[in-house]
K.L.:
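Quick one: the structure is below, and I'll ask about it shortly.
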Amino acid sequence: MKYMTETIVLAVGAFLALLGAAFAQDKLFEAHMWVLFFVLLASTLVMVRRVSFAPAVAVASSSGDEGYFDDVIKYGVIATVFWGVVGFLVGVVIALQLAFPDLNIEPWLNFGRTRPLHTSAVIFAFGGNALIATSFYVVQRTSRARLFGGNLGWFVFWGYQLFIVMAATGYLLGITQGREYAEPEWYVDLWLTVVWVAYLIAFLGTIMTRKEPHIYVANWFFLSFIVTVAMLHIVNNLAVPVSFLGVKSYSAFSGVQDALTQWWYGHNAVGFFLTAGFLGMMYYFVPKQVNRPVYSYRLSIIHFWALIFMYIWAGPHHLHYTALPDWAQTLGMVFSIMLWMPSWGGMINGLMTLSGAWDKIRTDPIVRMMVMAIAFYGMATFEGPMMSIKSVNSLSHYTDWTIGHVHSGALGWNGLITFGAIYFLVPKLWKRERLYSIRMVNWHFWLATLGIVVYAAVMWVAGIQQGLMWREYDEQGFLVYSFAETVAAMFPYYVLRAVGGGLFLLGALIMAYNVTMTILGYQRDEAPIPGAAPALQPAE
């Protein structure tokens with residue numbers, strides 16, 4: 001029999017969700033359980049159509065591509081593209097909501113609910129699916145082993161999609177812990193913990209059963225990301241629910257200890273989810289795309305150990321000039337400044353991998369996208385330590401400068417390296433000769449780059465103007481500007497931010513079309529990129 005167990009588990013889950021809705025202690029939990037019930041019911045009906053009573057066929061165990069578990073990676077790539085478009089679209093919407101407050105639609109689509117929807121969609125839905133898909137691809141190829149655990153990979157993928165749906169619908173319903181990057185309530189956090197442990201087992205099991213003696217450096221970065229995010233998630237979300245049939249819970253921490261725990265989590269979610277995991281992506285896909293070895297394998301190992309040791313201490317720089325003890329603030333600042341060195345070591349290693357292949361920046365838009373991603377990584381990892389210095393932080397904190405910094409990293413580094421990896425993976429996974437259109441990749445590159453530059457530059461100017469207006473005093477010692485005046489002054493910047501985000505979204509839509517047509521097997525008839533084909537030389 002095939003899929004019988006999975007179908008029964010989904011049916012039982014749907015029934016339990018129905019009971020949860022029936023006996024809920026509050027309306028929000030009831031509404032969320034109805035969402036869960038319909039999702040699991042639909043999933044059960046889909047699985048019923050797939051149940052087969054024929055004997056299971058043994059999986060091929062050869063070491064070639066046909067021996068790898070690539071079906072789940074294909075789904076992961078499609079989910080990455082889909083959630084990316086959704087996340088970027090919501091980002092443009094909330095940018096417009098800030099510029100034009102009448103676009104706030106109460107109660108479900110106001111800024112307070114759509115903003116965490118955007119951040120989670122881009123970080124966890126887009127970024128998380130990209131990391132799961134690429135890590136499963138890389139660990140199999142570099143280990144020369146099939147993904148461990150049989151259908152465990154499917155559980156990780158679909159379990160993660162369920163987490164995304166429950167988190168997103170929870171935000172719109174107003175179900176939130178109010179913790180940055182950790183908004184979902186206790187029961188959604190518990191489900192993510194189960195999925196994440198399964199992810200760790202699948203990934204680590206593949207490494208343990210590898211046929212290749214060496215563990216490639218990308219796998220070290222992926223493994224550190226998986227293990228550290230698990231630790232961060234569990235500790236930061238320690239909470240006591242008011243009722244097991246209600247949404248509300250109370251954190252195990254309080255006061256400044258709660259704030260420190262939150263930003264230990266928040267900064268290291270950036271450090272390991274958005275940095276270490278994507279560096280694993282860089283260390284595999286950049287050498288593959290340029291067909292060159294990593295510039296310095298020794299530097300990559302130093303980069304790894306220095307990064308994971310230093311990053312974990314940098315969180316307190318989010319709490320400058322608060323009730324946190326001054327020594328802890330200084331500790332966070334010092335480690336943040338020290339982080340500049342290993343970060344730039346990784347950037348240099350990535351860029352110098354192009355040694356002997358620099359012409360590919362001109363001729364291959366995928367390489368161009370990856371190089372631009374590494375450049376944004378270098379810029380963001382210089383700006384971050386600079387902003388952690390107390391005197392700079394006193395101007396930048398709570399302003400849109402921080403928003404510009406975050407997006408130059410998230411869109412420039414995480415977004416572009418993910419796009420490059422997707423363009424590399426799609427033809428290989430679906431066994432196509434090439435992408436549907438290479439010139440569309442070029443359009444995507446320029447739209448995305450221009451969008452990021454407009455967005456970040458506008459937010460830098462807006463943030464510095466905000467900080468200066470907030471600290472402007474007259475000769476009598478009174479504030480010159482009211483807070484409402486500083487908000488009104490931001491209007492042109494917010495409009496331009498929406499323009500920059502719109503350009504980035506347009507590039508993502510082009511990518512979605514390009515990927516879809518490639519999967520369907522089409523090839524666009526187009527002239528090659530100038531210089532991509534060697535020019536014929538006359539015989540001497």
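Quantities reported herein were computed from a predicted structural model and do not represent experimental measurements.
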K.L.:
Measuring from N414:CG to L274:CG, what's the distance to the nearest 0.5 Å?
P.N.:
4.5 Å
K.L.:
So does S408 get a backbone contact from the side chain of W413, meaning a donor-acceptor N/O pair under 3.5 Å?
P.N.:
no
K.L.:
In terms of ring plane angle, is the pair Y455 and H407 parallel, tilted or perpendicular, where the classes change at 30° and 60°?
P.N.:
parallel
K.L.:
What closest approach, in Å, do P241 and S249 show between heavy atoms, and which atom pair accounts for it?
P.N.:
CA-CB, 3.7 Å
K.L.:
May I ask you to check whether over 12 heavy atoms, not counting those of W358, lie within 6.0 Å of atom CH2?
P.N.:
yes
K.L.:
So which atom in Q177 and which in P184 form the shortest heavy-atom distance, rounded to 0.1 Å?
P.N.:
NE2-O, 2.8 Å
K.L.:
Any side-chain donor-acceptor pair under 3.5 Å between T206 and Q140?
P.N.:
no
K.L.:
Less than 3.5 Å apart, any donor N or O on the side chain of N514 or R524 sitting next to an acceptor on the other?
P.N.:
no
K.L.:
When you measure from the side chain of E183 to the backbone N and O of A167, does any donor-acceptor pair fall under 3.5 Å?
P.N.:
no
K.L.:
With a 3.5 Å distance limit and no angle check, can you tell me whether E526 reaches the backbone of S437 through a side-chain donor-acceptor pair?
P.N.:
no
K.L.:
Do you know which two heavy atoms are closest between T418 and F278, and how far apart they sit?
P.N.:
OG1-CE2, 3.0 Å
K.L.:
May I ask you to check whether W191 and F155 place their ring centres under 6.0 Å from each other?
P.N.:
yes
K.L.:
Would you find more than 12 non-hydrogen atoms of other residues, nucleotides or ligands less than 6.0 Å from W264 atom CH2?
P.N.:
yes
K.L.:
Could you label the plane-to-plane angle of the Y137 and F424 rings as parallel, tilted or perpendicular, counting under 30° as parallel and over 60° as perpendicular?
P.N.:
perpendicular
K.L.:
Given 3.5 Å as the limit, does a donor-acceptor pair link the side chain of W443 with the main chain of G507, or not?
P.N.:
no
K.L.:
Can you tell me if Y297 has over 12 outside heavy atoms packed within less than 6.0 Å of its OH?
P.N.:
yes
K.L.:
Taking the ring centre of each residue, are F504 and F419 less than 6.0 Å apart?
P.N.:
yes
K.L.:
What class does the angle between the rings of F124 and F273 fall in, given that below 30° is parallel, 30 to 60° is tilted and above 60° is perpendicular?
P.N.:
perpendicular
K.L.:
Any chance you could measure T80, atom OG1, to I422, atom CD1, to the nearest 0.5 Å?
P.N.:
5.5 Å
K.L.:
Measure from the side-chain N and O atoms of Q289 to the backbone N and O of I366, and report whether any donor-acceptor pair falls under 3.5 Å.
P.N.:
no
K.L.:
Return the CD1 to CG distance between I226 and N219, rounded to the nearest 0.5 Å.
P.N.:
9.0 Å
K.L.:
For V138 and F221: C-alpha separation, side-chain torsions, deciding distance, then whether side-chain contact (heavy atoms from CB on, under 4.5 Å) applies.
P.N.:
CA-CA 11 Å; V138 171; F221 278 98; over 6 Å; no
K.L.:
Using modelled atom types only, decide if a donor and an acceptor are shared between the side chain of T518 and the backbone of L435 within a distance under 3.5 Å.
P.N.:
no
K.L.:
For R210, does its backbone N or O pair with a side-chain atom of R144 as donor and acceptor, under 3.5 Å?
P.N.:
no
K.L.:
Identify the heavy atoms of G205 and F148 that sit nearest to each other, and give their distance.
P.N.:
C-CB, 3.5 Å
K.L.:
Kindly say whether Y181 contributes a backbone atom to a donor-acceptor pair with the side chain of Y265 at under 3.5 angstrom?
P.N.:
yes
K.L.:
With side-chain contact (heavy atoms from CB on, under 4.5 Å) as the criterion, how do V441 and I510 come out once you've worked through the C-alpha distance, each side chain's angles and the decisive distance to 0.1 Å?
P.N.:
CA-CA 8 Å; V441 179; I510 290 173; over 6 Å; no
K.L.:
Count the heavy atoms of every other residue, nucleotide or ligand shown that sit under 6.0 Å from CH2 of W220, and state whether that count exceeds 12.
P.N.:
no
K.L.:
W34: what forms a side chain to side chain contact (heavy atoms under 4.5 Å, CB included) with it, not counting sequence neighbours?
P.N.:
L18, A21, E30, F37, F38
K.L.:
Check side chain to side chain contact (heavy atoms under 4.5 Å, CB included) between R298 and all other residues, then give those that pass, not counting sequence neighbours.
P.N.:
S296, I302
K.L.:
Examine distances only and state if a side-chain atom of Q523 and a backbone atom of Y436 form a donor-acceptor pair shorter than 3.5 Å.
P.N.:
no
K.L.:
Looking at OG1 of T142 and CD of E212, how far apart are the two atoms once the value is rounded to the nearest 0.5 Å?
P.N.:
8.0 Å
K.L.:
How close do N349 and S300 get, heavy atom to heavy atom, and via which atoms?
P.N.:
ND2-N, 3.3 Å
K.L.:
For M208, is the CE atom crowded, meaning more than 12 foreign heavy atoms sit under 6.0 Å from it?
P.N.:
no
K.L.:
Please find out if less than 6.0 Å separates the ring center of Y216 from that of Y283.
P.N.:
no
K.L.:
Can you tell me if W430 has over 12 outside heavy atoms packed within less than 6.0 Å of its CH2?
P.N.:
yes
K.L.:
Consider only side-chain N and O atoms of N268 and T228, and report whether a donor and an acceptor are under 3.5 Å apart.
P.N.:
no
K.L.:
Rounded at 0.5 Å granularity, tell me how far CD1 in I417 sits from CE in M370.
P.N.:
5.5 Å
K.L.:
Quick one: do Y284 and T134 satisfy side-chain hydrogen bond (donor to acceptor under 3.5 Å, both in side chains)? Show the steps, please.
P.N.:
CA-CA 9 Å; Y284 181 85; T134 55; over 6 Å; no
K.L.:
Would a distance-only check, ignoring hydrogens and angles, find a side-chain to backbone donor-acceptor pair under 3.5 Å from T261 to N236?
P.N.:
no
K.L.:
Over 60° means perpendicular and under 30° means parallel, so tell me whether W154 and F69 are parallel, tilted or perpendicular.
P.N.:
perpendicular
